[in-house]
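Bear in mind that the values here come from a model prediction, so they are computed numbers and not experimental data. Here is the naming used below: chain letters follow the sequence lines, and residue numbers restart at 1 for every chain.
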Amino acid sequence: MSILKLQETLRETVKKTALEKFDIDLGQVPAEVPPKTELGDLAFPIAFELAKQIKLATGEKQNPRQIAEILKTSLESFDFVGKVEVAGPGYLNVFYNRAKFLAENSRNNFFKTVDENSPKVCVEHTSVNPNKAAHIGHVRNSVLGDTFVRILRANGKRVEVQNYIDNTGVQVADVVVGFVHLRKMDLAQIKQLEAGLEIPFDYYCWDLYTEVGKFYAENEENKKFRAETLHELEKGSGEIYELADYVATRNVECILRTMNRFDIRYDLLPRESEILHLHFWQKAFELMKERGVIHFENEGKNKGCWVMPFESHEGTDEHDADKILVRSNGTVTYTGKDIAYQMWKLGLLGLDFNYKLFQAYDDGKEVWITTAEQITDANAPSFGHSETVYNVIDTRQSYPQEVVKKGVATIFPDKGEAASVHLSYEMVALSPAAAEELGFELSDEDKQRTFVEMSGRKGLGVKADDLLDRLESDALREVENRHPDISNDEKQSIAHRIAVGALRYFLLKYTKNTVVVFDFKEALSFEGETGVYCQNAAVRFNSIFKKVAERFETGENELLEKSFGTIESENEEVARIFSSEIGHDLWSLVILASRLEEIIQQAAAVTEPAILAKYNFNLSKAMHLFHHNHRIISEENPVKRAVLIVIADLTRRALTAGLRTMGIEVPERM
RNA sequence: GCUCGCGUAGCUCAGUGGAUAGAGCGCUUCCCUCCGGAGGAAGAAGUCGCAGGUUCGACUCCUGCCGCGAGUACCA
């Protein structure tokens, strides 16, 4: 019986007993993990509540401890329960039958398998404007989204990953202005430039975008080029459109390559141009008008616009609460397009994109992109039609996300607001020291602040590839010190895994609504609470198995099978070991490793990957301690040795699975 | 103004209404005869922003206040 099943059974027993003995329906029975293994494996602080309810129902005053004693008897009859203690003023502490639990759960592989027939869930993340290289703030979005995808899959969900491409927006227009008006280039010249470029194309655009920012700042007049360009982009054809399409697509390729370095991949790239040209917006617009969700403003400051009223954001001025979806010049706002896109994701729009293959990753996995061309690729999978949609977008966009959610829910009340989830998170900012390290002159005001916001327009930010390069070279230096004899390829592969692990862990250890103040020293650290620390615990355990198998002249699998057999047949001796003085120590590791499934479920339910990061760190810490306190190779008692082997195996598999769910791989050695 | 988030050790952060509030960094001291050193042990360090309230029990829930951040665009 798995830990989740066990917990559920115990809760039900408590509920049933309360009903039978006291005639009280407890509803959801709260349970908690006691602060120490010595206090048990699961605690029910329920006797206090029961005493209160009994008094309320009958007027009879009962001692919580006495109530706990009655519950204790019913829980003890269950064979997975070793013992139950009533502690303090009325805690009910349940101790599992350790030997039995280990024998039954030692082969646990923790995750549910994905059911291909289950309803699909969509996660949209990354969605970097395709006009420059991705920076560390974008990576927080992608890592958060990708990890959440992995968590959902570990929970057995079928997930589709979308990366929205805003290829006709202001930011792409700006970099096009740079190419056309500052560099005076046409498409052919851009291609020629690229051929001789020593930096990646997205790096070039990063700098050019910054120049355009200055160009606008010099003279407000210069912004007319932006408006002209935007107009060309909306038209969907012509020389400027072709040029912009090329630039945006090249940037998408660069960003996908960057994200692939972090093991982040996508199924579909839906583009804004198709939302427009395939008339998604018009369709959504009609639906909203039909349902009376939006109205045309004849007067006031929003005169000439189509707006959606938004009652929960009361403003002081008359119509402050309304959100404009169609501007007075007839163009659609981003939020308007986003409503159409959201409706499509949920299979509610009644229109579909056309698809073509964008690229395949090394292992053959395909990424598709939307197109307005009337082509039907028979190989294109079915996209959209999701039961639930998670949008990974930073917290500053909470307001437009609310508008999207409410808008869709008003048009489709059956679907409701629950189908649209804004997975919001705080930004990554720079510490003033980090900004200065990047060569930026800070204003006196900025120097006083605890952090400085990154700005693509100003070119202020840590590029994702730069940081990963730096982490890889730091890691490589360490690997070279430790393993001078291995091949360069192997060194680099280890360094890469360490670097990715370090950065992903760094971005995931903070809870979503904490601003990550980027600091080079912390981000580049390989010590303390880091991905490296966790990887190291797993590597050490793997090396134990190699050494032990070698010592006993057997294979790892044979060693494990034999140990599983011993655990299953030597129940009494295993029980004796668990009640010896090292018993709590060993057991705490078993129970911690077994909790992975619970953690995965919890992380999905509250959309918080940081829970998993903390878990992996705590498990790693317990493993380092085990490593320090127990020696398998020199253990002479064969049953105890088998217990140590099975525990070491269970924990390394839990850690490896937990880390993989964070997108962190365990290297062969380090 | 209004809406949302935050305030916990010197610093950066965890913390389902439950037991003695925890980590990492930094600081002090110690441990390489090993399956360990990208480690491990021990220590110092707290008005959980302030004031009320609810509760058998509050860092956690409610109210007010103070401080910080974000949003409140015909930007996204």
Side-chain angles (χ1 to χ4, degrees), chain A residues 30-36 39 43 45-49 51-52 64 87-91 93 127 129 166 169-171 297 301-307 310 312-317 320-321 323-335 337-338 393-400 402 424 426-427 429 431 449-451 453 475 478-479 481-482 498 502 509-511 513-517 519 521-522 525-530 532-533 535-537 539-541 543-548 550-551 602 606 610-611 613-614 617-618 621 624-625 627-634 648 670:
Chain A
E32 57 172 2
V33 177
K36 279 189 202 162
L39 293 171
I46 196 71
F48 315 108
E49 174 67 21
K52 187 166 51 175
Y91 287 103
N93 291 340
S127 307
N129 272 300
D166 186 4
V170 174
Q171 295 210 21
E297 208 69 66
K301 65 174 196 171
N302 294 335
K303 186 179 175 185
C305 300
W306 284 90
V307 304
F310 205 64
S312 65
H313 282 248
E314 292 284 321
T316 42
D317 294 334
D320 242 2
K323 179 68 195 166
I324 291 166
L325 298 186
V326 181
R327 304 182 184 101
S328 56
N329 67 5
T331 57
V332 193
T333 61
Y334 185 94
T335 306
K337 284 175 268 193
D338 215 15
I393 308 177
D394 81 66
T395 184
R396 289 171 293 189
Q397 290 188 50
S398 295
Y399 172 60
E402 274 292 298
S424 92
E426 267 291 356
M427 63 179 160
S431 67
R449 297 169 71 102
T450 50
F451 59 81
E453 217 172 310
E478 297 284 341
V479 173
N481 285 338
R482 279 156 235 250
I498 290 172
K509 74 174 176 178
Y510 300 97
T511 50
N513 54 5
T514 297
V515 177
V516 173
V517 180
D519 176 82
K521 187 169 166 281
E522 265 176 65
S525 170
F526 291 157
E527 283 167 23
E529 193 194 340
T530 61
V532 180
Y533 178 93
Q535 287 172 318
N536 196 230
V539 169
R540 277 183 171 172
F541 272 48
S543 91
I544 291 177
F545 277 87
K546 280 199 200 87
K547 288 269 167 59
V548 174
E550 215 172 274
R551 161 73 179 73
Q602 198 189 345
V606 300
I611 295 172
K614 279 286 181 265
F617 176 63
N618 285 328
K621 225 168 23 164
H624 278 300
L625 195 59
H627 208 248
H628 189 74
N629 291 337
H630 308 287
R631 229 144 291 206
I632 293 173
I633 213 158
S634 56
M670 53 194 291

Considering only atom [atom1], compute the distance from [N] to [M] and round it to an integer number of Å.
N: B/rA23; M: B/rG15; atom1: P; value: 15 Å
N: B/rU33; M: B/rA42; atom1: C1'; value: 23 Å
N: B/rG7; M: B/rC62; atom1: P; value: 14 Å
N: B/rA58; M: B/rG17; atom1: P; value: 14 Å
N: B/rG18; M: B/rA44; atom1: P; value: 27 Å
N: B/rG49; M: B/rA9; atom1: C1'; value: 15 Å

Within the 4.0 Å heavy-atom criterion, would you say [X] contacts the bases, only the backbone, or no part of the nucleic acid?
X: A/Lys337; result: nothing
X: A/Ala610; result: nothing
X: A/Val539; result: nothing
X: A/Val532; result: base
X: A/Thr333; result: sugar-phosphate

Base of [N] paired with side chain of [X] (donor-acceptor, under 3.5 Å):
X: A/Ser328; N: B/rC74; result: yes
X: A/Arg482; N: B/rA38; result: yes
X: A/Arg631; N: B/rG36; result: yes

Nucleotides 17-31 of chain B: protein proximity per nucleotide (B base, S sugar-phosphate only, - neither; heavy atom, under 4.0 Å): -BBB--SSS------
Closest-nucleotide 5' rank along RNA chain B - winner of A/Asn329 and A/Ile498: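 Of the two residues, A/Ile498 wins.
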Relative to the 5' end of RNA chain B, which residue comes earlier, A/His627 or A/Pro400, by the nucleotide with the nearest heavy atom?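 Here A/His627 is the residue nearer the 5' end.
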Is [N] paired to anything, Watson-Crick or G-U wobble with both distances less than 3.5 Å, and if yes, which nucleotide?
N: B/rU16; value: none
N: B/rC2; value: B/rG71
N: B/rC50; value: B/rG64
N: B/rA9; value: none
N: B/rG26; value: none
N: B/rU33; value: none
N: B/rC59; value: none
N: B/rA38; value: none

In whole Å, I'd like the distance from the [atom1] atom of [X] to the [atom2] atom of [N].
X: A/Ile611; N: B/rA14; atom1: CD1; atom2: P; result: 12 Å
X: A/His630; N: B/rG40; atom1: NE2; atom2: P; result: 15 Å
X: A/Tyr510; N: B/rC6; atom1: OH; atom2: P; result: 17 Å
X: A/Ile393; N: B/rA70; atom1: CD1; atom2: P; result: 20 Å
X: A/Asp394; N: B/rG69; atom1: CG; atom2: P; result: 17 Å
X: A/Arg396; N: B/rC75; atom1: CZ; atom2: C1'; result: 13 Å
X: A/Asp166; N: B/rA76; atom1: CG; atom2: C1'; result: 7 Å
X: A/Gln397; N: B/rG71; atom1: CD; atom2: P; result: 10 Å

Mind checking side-chain hydrogen bond (donor to acceptor under 3.5 Å, both in side chains) for A/Gln397 and listing every partner two or more places apart, or none if nothing turns up?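 side-chain hydrogen bond (donor to acceptor under 3.5 Å, both in side chains) list for A/Gln397, sorted by chain: empty.
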Closest nucleotide among [options] to the [X] side chain:
X: A/Thr514; options: B/rA38, B/rA76, B/rA14; value: B/rA14
X: A/Arg449; options: B/rA38, B/rG69, B/rA41; value: B/rG69
X: A/Thr511; options: B/rA70, B/rA14, B/rA76; value: B/rA14
X: A/Asn513; options: B/rC6, B/rC74, B/rG69; value: B/rC6
X: A/Tyr399; options: B/rA70, B/rC74, B/rG71; value: B/rG71

Is any side-chain N of the basic residue among A/Arg396 and A/Asp394 closer than 4.0 Å to the acidic one's carboxylate O?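 A salt bridge is present here (some side-chain N lies under 4.0 Å from a carboxylate O).
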Taking atom NZ of A/Lys36 and atom CG of A/Asn93, what is their separation to the nearest 0.5 Å?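 Here the interatomic distance stands at 12.5 Å.
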Quick check for you: to the nearest 0.5 Å, what is the distance between A/Leu625 atom CG and A/His630 atom NE2?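 Here the interatomic distance stands at 7.5 Å.
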Tell me, please, which residues at least two apart from A/Glu550 pass salt bridge (Lys or Arg N to Asp or Glu O under 4.0 Å).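 Counting only residues at least two positions away or on another chain, A/Glu550 forms no salt bridge (Lys or Arg N to Asp or Glu O under 4.0 Å).
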Would you indicate whether the side-chain heavy atoms of A/Lys337 and A/Asp166 approach each other to under 4.5 Å?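 Result no, sub-4.5 Å side-chain heavy-atom pair not found.
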Which is it for A/Thr395 and A/Asn513 under the side chain to side chain contact (heavy atoms under 4.5 Å, CB included) test, yes or no, and what are the steps along the way? CA-CA 8 Å; A/Thr395 184; A/Asn513 54 5; over 6 Å; no
